[in-house]
Amino acid sequence: MNLFSELRTLVTEAIAAMQAAGELPEGLDLAAVAVEPPRDAAHGDMATNAAMVLAKPAGKQPRQIAEGLAARLSADPRITAVEVAGPGFLNLRLDKALWQRLVAAVLSQGGDYGRSAIGAGTRVNIEFVSANPTGPMHVGHTRGAVVGDALARLLAFAGWNVTREYYINDGGAQVDVLARSAYERYREANGLEPAIAEGLYPGDYLIPVGEALKETYGTALLDKPESEWLVTIRDFAVRRMMAMIREDLAALNVKMDVYSSEKALYGTGKIEAALERLRGLDLIYEGVLEPPKGKTPEDWEPREQTLFRSTAHGDDVDRPVMKSDGAWTYFAPDIAYHFDKVERGFDELIDIFGADHGGYVKRMKAAVAALSGGRVPLDIKLIQLVKLWKNGEPFKMSKRAGTFVTLRDVVEQVGADVTRFVMLTRKNDAALDFDFDKVLEQSKDNPVFYVQYANARINSVLRKATVDVDDLTLAGADLSLLDHDAEITLAKKLAEWPRLVEIAARNNEPHRIAFYLYELASDFHGLWNRGNDEPSLRFVQEDAGITQAKIGLARATGVVISNGLGILGVTPVEEMR
RNA sequence: GCACCCAUAGCUCAGCUGGAUAGAGCGUUGCCCUCCGAAGGCAAAGGUCGCACGUUCGAAUCGUGCUGGGUGCGCCA
């Protein structure tokens with residue numbers, strides 16, 4: 001039950017009726033007609049801008065149109081009052097029974113309340129995390145993982161057909177560095193002194209890899225030239241790193257559907273095929289790039305390279321796909337990988353990148369636009385930095401010592417639920433402060449706690465109730481007994497949920513869910529506390545029927561909180577401890 | 001030099017793809033528990049929405065130009 005879409009339909013029907021009566025011309029574009037709750041509750045329950053939007057194309061005065069719509073809308077039993085206000089707004093007041101019925105609908109739909117079909121089964125691929133397989137995931141990756149997974153859950157709830165995908169960067173020089181680093185740990189495991197040279201990965205997490213290598217290969221690879229062990233150890237170490245990353249993701253309650261390998265693109269002709277496709281479109285050529293202005297690399301010299309004409313699709317300069325030594329740049333397999341996603345039949349691609357990859361957005365979009373002939377849109381969400389705080393001070397990590405704050409560090413200290421919620425309390429393109437002390441604080445300025453507390457209170461009421469609180473029983477209760485304004489206000493908030501899901505999904509913005517839940521919790525706490533002064537507003541009453549109606553409202557709130565937390569990937573708690 | 005992101009109350013941030021008098025939390029001030037959990041609630045004060053033009057019936061939101069901060073800019077991914 002989505003009240004907003006129901007009422008919008010009502011408005012468009014009224015417009016059609018006016019057209020039929022010759023009061024409005026045919027062929028009007030109704031896309032801009034909105035039906036929304038007004039910011040100020042004094043303006044009624046719902047408002048539409050229809051008269052103002054249609055005034056110009058219809059060649060009529062807004063008020064004239066508004067009067068015509070008002071006359072027709074007021075005939076509907078769901079609408080108790082219509083008034084024309086301001087420059088031509090149409091303010092609607094709705095029958096209380098509508099809100100009461102909504103509570104019943106929430107209860108009977110349960111986990112499906114708010115589910116939407118706007119995605120229309122569109123096949124969307126969300127690529128996220130894609131951390132290099134050279135070490136454990138750190139906090140920087142964590143936010144991307146949370147945002148990507150929450151977005152996946154959100155889009156699935158809104159009717160998209162979602163695939164979560166991880167692109168393993170196992171084809172570049174960094175995995176050779178990993179192999180050399182692991183080799184030193186392998187020597188160490190065999191009782192030799194490791195030589196962790198500058199540029200190798202010094203982290204302790206490679207020590208068990210060295211030991212595992214010793215178990216598998218004994219001493220067979222010792223004192224051999226690099227060319228004899230590099231590939232073996234590299235593959236071994238990458239497998240171990242990916243196993244570790246999967247565990248990290250699992251600790252955060254994130255599960256990928258597909259892992260794609262960069263290395264698997266090499267030697268299969270896939271890169272060549274993708275570039276051939278571009279060449280056929282006259283988007284690949286040999287040329288020389290201008291040096292970047294203002295910050296010329298010291299060893300810069302003009303050089304002819306194979307270039308992708310990304311400027312044809314909105315980029316600022318053309319981009320090289322081949323290095324001067326004839327090897328592919330990282331961009332070439334990236335093009336092939338995105339081409340592969342297009343070929344697999346996705347209708348929509350989403351990439352979640354760290355903000356430091358902001359410079360690659362335009363070229364990636366250019367490549368996808370070219371390779372899909374403009375069919376497949378690519379949305380790239382850039383995830384800004386997470387600043388860690390502890391004891392009121394910035395919590396620094398030391399790259400030099402090879403120590404950094406890992407995803408595990410964070411999850412072990414505060415838990416996956418808190419980590420996820422906090423990471424979603426800011427839009428992705430704004431930097432986020434993550435304060436170890438504050439996120440565990442049990443007070444209302446901690447949104448995680450505040451929302452969970454509301455849910456715990458609801459469950460507390462359910463436990464204390466002496467009436468049957470089964471959802472279907474509650475849905476069948478006489479909800480017309482919910483007629484206090486404070487109760488109707490909460491029901492109105494519940495009515496917003498399906499619309500909010502659609503807005504958040506359309507914009508690929510899961511953080512909106514977190515903010516809505518905070519507002520919903522606030523409304524609930526407000527109603528709860530009014531029970532202190534007005535006993536008639538308490539949930540548990542003498543009369544069983546009244547109690548069921550009131551608990552129905554509380555339980556409906558709990559349903560929405562659970563559904564919302566489900567999208568965020570956070571487990572609702574039933575009791576605070 | 002260029003590109004992208006950000007700029008909203010003293011602080012941290014929302015703002016529903018352009019709507020009516022711009023909203024929360026913290027902090028400040030004043031209230032509310034013989035309580036279904038006060039781990040909470042109510043109220044007040046607090047704003048040139050960075051600046052300037054423009055589009056529009058209507059701009060925090062869209063466009064252009066500035067200012068300030070962040071990120072990035074061939075042979076690293």
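Protein chains get the first letters and strands the later ones, always in sequence-line order, with residue 1 at the start of each. The structure presented is a predicted model; accordingly, all values stated were derived computationally and were not measured.
For the pair Lys427(A) and G15(B), the criterion of a side-chain N or O lying under 4.0 Å from OP1 or OP2 is met. The shortest distance between the side-chain N/O atoms of Arg512(A) and the OP1/OP2 oxygens of G15(B) is below 4.0 Å. In this model, the phosphate group of C13(B) is approached by a side-chain N or O of Arg426(A) to a distance below 4.0 Å at OP1 or OP2. Side-chain N/O atoms of His511(A) include one lying less than 4.0 angstrom from OP1 or OP2 on G15(B). One finds no side-chain N or O of Arg530(A) lying less than 4.0 angstrom from the OP1 or OP2 phosphate oxygen of C35(B). Tyr450(A) has a side-chain polar atom (N or O) that falls below the 4.0 Å cut-off from OP1 or OP2 of G41(B).
With sequence neighbours left out, Glu534(A) forms a salt bridge (charged side-chain N to carboxylate O under 4.0 Å, His left out) with Arg530(A).
Of the options Lys365(A), Lys341(A), Lys381(A), a salt bridge (charged side-chain N to carboxylate O under 4.0 Å, His left out) to Asp351(A) is made by Lys341(A) and by none of the others.
Once the 5.5 Å centre distance and the 30° plane angle are applied, the aromatic ring of His43(A) is found stacked with the base of A20(B). Once the 5.5 Å centre distance and the 30° plane angle are applied, the aromatic ring of Tyr518(A) is found not to be stacked with the base of A24(B).
Residues of residues 321-332 of chain A having a heavy atom closer than 4.0 Å to RNA chain B, listed by number: Lys323(A), Ser324(A), Tyr330(A).
Both Asp316(A) and Glu519(A) lie close to RNA chain B; mapped to their nearest nucleotides by heavy-atom distance, the more 5′-ward contact belongs to Asp316(A).
Cation-pi geometry between Arg363(A) and Phe331(A) is met: under 6.0 angstrom from the ring centre, within 45 degrees of the axis.
A donor atom on one side chain and an acceptor atom on the other are not found under 3.5 Å apart for Tyr516(A) and Arg512(A).
Between the side chain of Asn532(A) and the base of G41(B), no donor-acceptor pair of N or O atoms lies under 3.5 Å. The base of A20(B) does not come close enough to the side chain of Asn49(A) for any donor and acceptor atom to sit less than 3.5 Å apart. For Arg499(A) against C16(B), a side-chain N or O and a base N or O form a donor-acceptor pair under 3.5 Å.
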